[in-house]
Amino acid sequence: MPELPEVEIIKRGLEQKVIGRTIADIEVRAKKLFQGEVSLVYGSKVVSLERKAKMIIINLDNNYSLLLHLKMTGQLIFDERPCDLKTRVAGGHPSKDLRACLPNQFTHVIFRFKGGGILFFNDMRKFGYIKLYKTVEIPDLKVIADLGPDPFDKALTPEYLMSKIVRRPKIKIKQLIMDQTVIAGVGNIYADESLFCARISPLRIAKDVKRTELVKWIDCVREVLNFSLTHGGSSENTYVNVECKKGEMQNFFKVYRQTGAPCPVCGSKIIRTVVGGRGTHYCNACQS
DNA sequence: TGCCCCCTGCAG
DNA sequence: CTGCAGGGGGCA
């Protein structure tokens, strides 16, 4: 579900809530979604958070780190209530905002903090995960080490993209920009929206995309991601922030899931097709 | 490089 | 009922 803006918003929200708090208890309801020995985490304090592509890393003060991926439907919800660590019963009722998120049959992992505060990991489709590693191991994990630059990183240049394209002469531009080893954090929504912004068809063979178009696309992807960040991310489906609030970006989609609707630029109908097994939306008149 | 799959819910 | 869903690993 969440792509770069949504994960970034969750990460920023979590920073405000959990940095400096001590993890007293972890309740793992779905074993599959938590890999590692929970007791290694008990008594450790959260020192910092990082986002890498669509992953969140929670660094602890005992030389361990938690690596989280929300995949399609993961949610991280923070509840300020105090909690009895023996009975695992929270005091009082969740706030009105949280009620829609807490806890439900999709709550698979629950962190309880010393002195109060509960973090819920919900995931309807159970694709997400939390994994415990030694902090020093994180940079060498394949899923981290292989990542391309963040879209806002100055290392993302047309020359860099062209260097990636050379090795894969048949790849379509949309598949290229969704490859996390090329660019970290762009998923289906922002691939479609950024390509529309740059007037590049998602079906174009990447090697046929001109340098000037790549320059435009880099501007566009940054613009689209920033726009989404300022509008709270996309909540077309299950995305909510740590306070269980939806974003508004879905109200501003120009092509994504707008099949049959008029193109906001030229009025012709938005088309849906499939690229790399993913629903792909574009304007055949504006994008070539 | 393309397809299947993990899992569950929802729209048509 | 079928098809679809924003991720991405594993397989041929």
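The structure presented is a predicted model; accordingly, all values stated were derived computationally and were not measured. In the text below, chain A, chain B and the rest are named by the order of the sequence lines, each starting its count at 1.
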Counting just side-chain N and O atoms, does [X] come under 4.0 Å of either OP1 or OP2 of [N]?
{"X": "Gln175(A)", "N": "dG2(B)", "answer": "yes"}
{"X": "Arg278(A)", "N": "dG7(C)", "answer": "yes"}
{"X": "Lys71(A)", "N": "dC6(B)", "answer": "no"}
{"X": "Lys126(A)", "N": "dC6(B)", "answer": "no"}
{"X": "Arg272(A)", "N": "dG3(C)", "answer": "no"}
{"X": "His69(A)", "N": "dG8(C)", "answer": "yes"}

Original post:
Quantified in whole Å, what is the C1' atom distance between nucleotide dC6(B) and nucleotide dC1(C)?
Top reply: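 Going atom to atom, C1' in each nucleotide, I get 23 Å.
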Original post:
Distance between the P atoms of dG10(C) and dC7(B), in whole angstroms?
Top reply: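 Nearest-Å result for dG10(C) against dC7(B) at atom P: 15 Å.
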Original post:
Stacking check: are the rings of Phe127(A) and dG8(C) less than 5.5 Å apart at their centres and under 30 degrees in tilt?
Top reply: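 Ring-base stacking flag not set for Phe127(A) and dG8(C).
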Length of the line joining [X]:[atom1] and [N]:[atom2], which is rounded to integer Å:
{"X": "Ile189(A)", "N": "dG7(C)", "atom1": "CD1", "atom2": "P", "answer": "8 Å"}
{"X": "Arg125(A)", "N": "dC10(B)", "atom1": "CZ", "atom2": "P", "answer": "12 Å"}
{"X": "Gln250(A)", "N": "dA5(C)", "atom1": "CD", "atom2": "C1'", "answer": "15 Å"}
{"X": "Lys174(A)", "N": "dG8(C)", "atom1": "NZ", "atom2": "P", "answer": "13 Å"}
{"X": "Met124(A)", "N": "dC6(B)", "atom1": "CE", "atom2": "P", "answer": "16 Å"}
{"X": "Leu147(A)", "N": "dG9(C)", "atom1": "CG", "atom2": "P", "answer": "9 Å"}

Original post:
Looking across every strand, which nucleic acid part, if any, lies under 4.0 Å from Gly277(A) by heavy atom: base, sugar-phosphate, or nothing?
Top reply: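 No contact.
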**OP:** Determine, using ring centers only, whether Phe121(A) and His108(A) are less than 6.0 Å apart.
**Re:**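 They do not qualify: ring centres at least 6.0 Å apart.
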**OP:** Compute the ring centroids of Phe196(A) and Tyr282(A), then answer whether they are less than 6.0 Å apart.
**Re:**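 Not under 6.0 Å, so no.
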Subject >> Residue whose nearest DNA chain C nucleotide is more 5′ - Tyr129(A) or Glu236(A) >> reply: Glu236(A)
Original post:
Are the two sulfur (SG) atoms of Cys244(A) and Cys101(A) closer than 2.5 Å?
Top reply: yes
Subject >> Selected nucleotide, minimal atom distance to Glu3(A) side chain, candidates dG9(C), dG7(C), dT1(B) >> reply: dG7(C)
Subject >> Lys32(A), nearest nucleotide to its side chain (from dG9(B), dG7(C), dC6(B)) >> reply: dC6(B)
Subject >> Candidates Leu76(A), Leu67(A), Leu66(A) - the one meeting side-chain contact (heavy atoms from CB on, under 4.5 Å) with Ile130(A) >> reply: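 Among Leu76(A), Leu67(A), Leu66(A), the one meeting side-chain contact (heavy atoms from CB on, under 4.5 Å) with Ile130(A) is Leu66(A).
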Subject >> Residues Thr73(A) and Tyr239(A): side-chain donor-acceptor under 3.5 angstrom >> reply: no
